[in-house]
Structure formats: structure tokens, C-alpha cells
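Written below as C-alpha cells is the structure these notes are about.
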Amino acid sequence: MKKLYLIILFLTAINAAALSQYRIGGVTIEPIALQENGDSLLLKMDIRIDGKSLNNCQSWTIMPSLVTPDSVYVMDMPYALINGKRKAQLFKRKVKFENERLLANLPYLQVDKKADKDVTISYLFEAPYEYWMDSASLHINQILTSCADKEQWFVLEGIALVDLTPYTPYDLNTLVNFITPEKETKTLHLEGSAYLDFQVGKSVILPDFRRNPQELAKIDEVLNRVQGDTDFEISGMYVTGYASPEGSWESNNTLSKNRAEALKLYIRNKFSIPDLLFKVDNVAEDWDGLLAQLQQSEMDGKYRVLEIINSTSDYDARERQLRVLDGGRPFRYMLNEMFPSLRRVEYKVEFTVKEYSLEEAEAIMDKNPEQLNQYELFILAQSYPENSPERSNIYGVIQLMFPDDIVANVNSAALMLQRGDLVNAKRYLDKTDDDPLAYNNIGVYYLMTDDVDKAEEYFTKAIQAGVEEASHNLTETEKKREDLRIQERYQRR
């Protein structure tokens with residue numbers, strides 16, 4: 001007898017969590033759990049048959065399947081069979097006589113309903129999880145078969161999406177590396193200019209002559225400070241004499257030398273500094289200083305003066321041309337307004353600073369951080385807790401004192417990466433010129449910006465350079481790569 005197919009479609013996109021049960025005729029399905037469970041897909045549901053909805057010669061077949069929206073992927077799950085009394089006897093007879101078709105497709109669950117009693121089946125199925133299941137939904141075909149083997153089909157479509165494992169983004173555990181700077185001799189400088197007055201034709205410094213008391217007092221203050229601090233030791237004394245351009249170059253050369261020597265003698269005799277520490281030099285005519293002043297000046301004839309200076313290499317010829325330019329007015333202006341500041345002696349005292357202990361460095365930090373070298377500042381910074389304001393402040397001082405130093409920038413970048421400040425971390429890393437010392441921290445930056453390929457590249461190079469932290473970070477890179485792949489799954493949902 002020809003079978004009759006009655007298909008009833010129930011179309012729904014409601015998630016299983018939104019409904020407590022699905023019922024067709026005398027079949028109720030509740031509740032439904034369809035979820036990713038580790039590497040498996042798990043389907044759990046209770047199938048309840050109303051005792052009065054199934055007579056002795058009928059059967060219910062429950063056939064779940066998982067289907068993607070485009071129906072490209074379909075997975076049929078094992079079916080459950082509920083037989084009435086006579087249907088159950090017929091089923092057993094078919095099995096006994098080894099009906100090939102039946103034996104090839106035995107039910108996953110098979111229950112014989114007795115009389116008018118209700119039946120409940122706990123359905124549990126597990127299958128290997130595949131990524132196409134992310135967007136799939138559960139369909140359930142319910143087939144009511146009569147005594148004459150006529151079938152009525154009831155189809156529930158899209159009744160539950162796969163419940164993906166709750167996603168928690170991977171929390172990176174990267175390790176930055178700090179580099180201990182090399183110990184070095186600390187050399188500091190204090191410098192200034194003295195505008196000393198000399199008697200005409202003389203080069204001896206008279207301490208009480210004109211402005212000399214004030215000018216010498218400035219030098220005395222610098223040298224008294226250095227010699228009065230037991231942490232300092234003078235390692236060099238530099239003196240350079242300058243003369244203004246009026247007069248012959250030869251006479252000015254002699255004059256500037258004599259002025260430098262005069263200041264040397266004054267300093268040596270007053271402060272008992274050995275001759276071997278002095279380096280004396282002179283500039284006969286300070287044309288560079290004059291050019292600097294002219295550039296800032298609004299003097300009449302300025303550009304003609306500049307043209308003469310730049311086009312005439314002989315200093316005496318240059319002066320003669322300037323003296324007659326425009327009736328001598330520009331020269332007289334320079335003689336009165338600019339030349340006096342060119343007649344000077346510059347000095348620079350170079351001194352080394354003792355090496356400080358951690359306790360001494362801490363005491364000096366607030367008052368005179370310039371007396372500490374990068375090594376001492378680094379050791380002091382590392383003595384404070386990782387997120388402390390003291391450590392941050394000291395790294396700020398290091399960056400100000402050593403702005404172009406590779407070690408300083410690698411360490412500053414490490415601190416910024418620890419704080420998650422990627423903008424400033426990149427600013428410091430850009431100043432390392434891709435130095436091997438920076439490879440690990442560059443890799444951390446790329447990993448924190450989700451560029452796992454670049455991160456892997458730099459961690460590999462850092463391992464080759466002997467950076468211990470890079471091996472751990474390379475493992476973190478693989479974890480992050482997997483995490484990004486999982487994120488893509490949830491974005492596709």
C-alpha cells in the first residue's frame with residue numbers, strides 16, 4: 001500500500017532557551033540543550049509521549065538533525081522509536097528474522113509503550129564538534145506511523161542554535177625585559193662666560209677693575225661648588241679667550257690668547273688646580289658670534305653687512321669694507337652694541353662624580369638627579385614596586401637625561417608595555433632603531449596589538465639573541481593565535 005506523507009512545517013528561529021517545550025500531537029520535547037562541550041557537540045532532551053496519543057498499532061519516530069542555514073551541511077542524528085504494543089511485536093519479529101533494511105538502521109533508543117501509560121525518553125547524543133556547527137540549528141522530524149504503515153510527518157525547524165562555549169578572551173601573560181645599563185664614569189660639566197675688563201694693552205686680570213668683581217664672582221661660585229663637594233673631583237679645566245673683530249687679526253689673536261692665559265692663571269692660583277688639567281684655547285675674532293647677533297638684529301644695512309662677511313674670507317679686508325660701508329654707520333652700531341659681548345673668556349669645568357650606593361642614590365635623587373648615571377638611576381628605579389609612582393618618576397628622569405640612548409628607550413618601552421600604554425611604548429621602541437636589545441619588547445608590542453605574525457618574528461629573533469623572556473612570549477603568541485581564531489567564530493555568529 002502506498003504510504004501517505006503529511007508534512008506539517010513549524011518554522012521558528014527562537015532559541016531553545018526561550019521555550020520550555022515543543023509539542024506536536026501527543027509528543028512533547030523538553031527541555032532542549034544543544035551545546036558545544038569541549039571538542040564535542042552535545043544534544044540532551046526529554047521526549048514525552050502522551051499515553052492516549054498512540055494506539056497499539058502506531059509508532060512515533062523522532063529524528064533530530066543539525067542543519068546550516070544554507071543546508072550545505074547536514075548531520076542526521078540517531079533516531080528514537082516509540083512503539084505501541086502491536087507495533088512493538090511486529091518490530092521484534094522483523095529484527096528476529098534479520099530484516100536487512102531494519103538491521104542497517106536500528107534506532108538509537110527504542111521503547112515499547114504499554115496501554116495508556118505516558119512514556120518519557122531521555123535522549124542524549126554526543127558527536128565530534130566541527131566549526132560549521134557554529135551557525136547550525138536543530139531540526140526535529142516526528143513521524144507518526146499507522147497500523148497500515150502510513151506516515152504523518154511533523155517537522156520542527158530551527159528550534160535551537162548551537163550554544164557555543166562561553167567565550168572569555170585570552171588574557172596575555174607577556175614578559176618584557178629590562179636591560180641593566182653598564183656602569184660608567186660620571187662626567188659632568190659646569191660652564192659660563194666671563195666678560196672681563198682689561199687695561200689698555202694689558203692682559204693681567206685686575207679683580208677690582210670695572211665689572212671684574214661681578215664677573216669673577218660667577219667663576220668663583222662655580223669652582224667653590226665643585227671643590228666644596230667631596231663627591232666631585234675636577235678632571236679638566238677648559239678656558240677659551242675671544243676678541244671682537246676691530247683691529248688686526250694678528251693683534252686680536254694675541255689678545256684673545258693672553259686673556260685666556262690670564263684667566264687660567266687666576267683660576268690656578270686661587271683654586272690650586274694643577275696645570276695638567278688645563279686646556280687653553282682662543283678665537284682671535286669671534287665672527288660666528290657676530291653673525292648670530294646679526295641674524296637676530298633689526299639693524300639698518302644688516303643684509304649688506306652679512307653679504308660682506310660671507311663673501312670676504314680675509315678677516316682684515318672684511319673689517320676694512322665694513323668700516324666704510326654706508327659712511328661707517330653699521331660698523332659703529334656693531335662696535336657699540338655687539339662687539340662688547342664678543343670680548344670674553346669662556347670656561348668649563350669638567351668633573352667626575354663618585355659612585356653612589358642605593359641608599360645614597362635615593363637621598364640624592366630628589367635634589368640633584370644629574371649626579372646619578374643611568375646605571376644608578378636604573379638600580380634605584382628597580383628597587384621600587386612595579387606600578388609605584390617612584391619607579392615611574394625615575395624612568396621619566398632617565399628619559400630626560402638620556403633621550404637617545406638605546407638602553408634607556410628599551411627600558412622606558414618595557415615600562416609602558418607593562419602599563420598597557422601602547423602609544424608611548426611604540427614611541428620609545430621607534431627610537432631603538434630595531435636594535436637586537438629591543439627585539440623582545442618589540443615582539444610584546446606586536447602581540448598586544450594582535451599582530452601575531454610580527455610578534456612571532458621578533459620573539460624568534462630575540463631567542464637567537466639570547467633573551468630568556470622571548471621563549472615564554474613565543475608560547476603566548478601561539479595561545480593568542482588560537483584565541484584570535486576563536487574570536488572569528490563568534491564574530492561569524
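- Side-chain contact of Asp451 with Thr449: a donor-acceptor pair under 3.5 Å is absent, judged by distance alone.
- Judged by distance alone, the side chains of Glu250 and Ser248 never bring a donor and an acceptor atom under 3.5 Å apart.
- Considering OG1 of Thr180 and CG of Asn411, their distance stands at 7.5 Å, rounded to 0.5 Å.
- A donor-acceptor contact under 3.5 angstrom links the side chains of Ser341 and Gln293, judged on distance only.
- With no hydrogens or angles considered, a side-chain donor-acceptor pair links Glu126 and Ser40 at under 3.5 Å.
- Side chains of Ser392 and Arg419: a donor on one and an acceptor on the other come within 3.5 Å.
- Residues Met338 and Leu294 have side chains in contact (heavy-atom distance under 4.5 Å, counting atoms from C-beta outward).
- Exactly one of Gln227, Lys354, Gln371 qualifies for a side chain to side chain contact (heavy atoms under 4.5 Å, CB included) with Phe232. That residue is Gln371.
- Counting only N and O atoms by type, the side chains of Ser251 and Thr254 include no donor and acceptor under 3.5 Å apart.
- With Glu476 as reference, Leu172 is the one residue of Val444, Leu172, Val452, Leu175 to meet the side chain to side chain contact (heavy atoms under 4.5 Å, CB included) rule.
- Of the inter-residue distances, the one linking Asn393 atom CG with Arg391 atom CZ reads 13.0 Å to the nearest 0.5 angstrom.
- Of the charged side-chain nitrogens involved, at least one lies within less than 4.0 Å of a carboxylate oxygen, so that Glu307 and Arg304 count as a salt-bridged pair.
- Thr460 contributes a side-chain N or O that, together with a main-chain N or O of Glu456, makes up a donor-acceptor pair within less than 3.5 Å.
- In this model, no donor atom of one side chain and acceptor atom of the other lie less than 3.5 Å apart for Glu346 and Thr240.
- Between Lys183 and Glu355 there is a salt bridge, since at least one side-chain N of the basic residue sits less than 4.0 Å from a carboxylate O of the acidic one.
- Ring-plane geometry between Trp132 and Tyr73 is classed as parallel, the angle between the planes falling under 30 degrees on a 0 to 90 degree scale with a further cut at 60.
- Looking at Tyr129 and Asp134, their side chains do bring a donor and an acceptor atom within 3.5 Å of each other.
- Defined by atom type and a distance below 3.5 Å, a donor-acceptor pair is missing between the side-chain atoms of Tyr446 and Asn441.
- Cation-pi check for Arg344 over Tyr242 is met; the charged atom lies under 6.0 angstrom from the ring centroid and within 45 degrees of its normal.
- Side chains of Arg320 and Tyr315: a donor-acceptor N/O pair is absent below 3.5 angstrom, by distance only.
- None of Leu415, Leu380, Ile379 except one satisfies the side chain to side chain contact (heavy atoms under 4.5 Å, CB included) rule with Ile394; the exception is Leu380.
- Under 3.5 Å, the side chains of Asn409 and Gln399 contain a donor-acceptor pair of N or O atoms.
- For Glu469 and Asn177, the side-chain atoms include no donor-acceptor pair closer than 3.5 Å.
- Remark: Glu319 engages Arg323 in a salt bridge, criterion side-chain N to carboxylate O under 4.0 Å.
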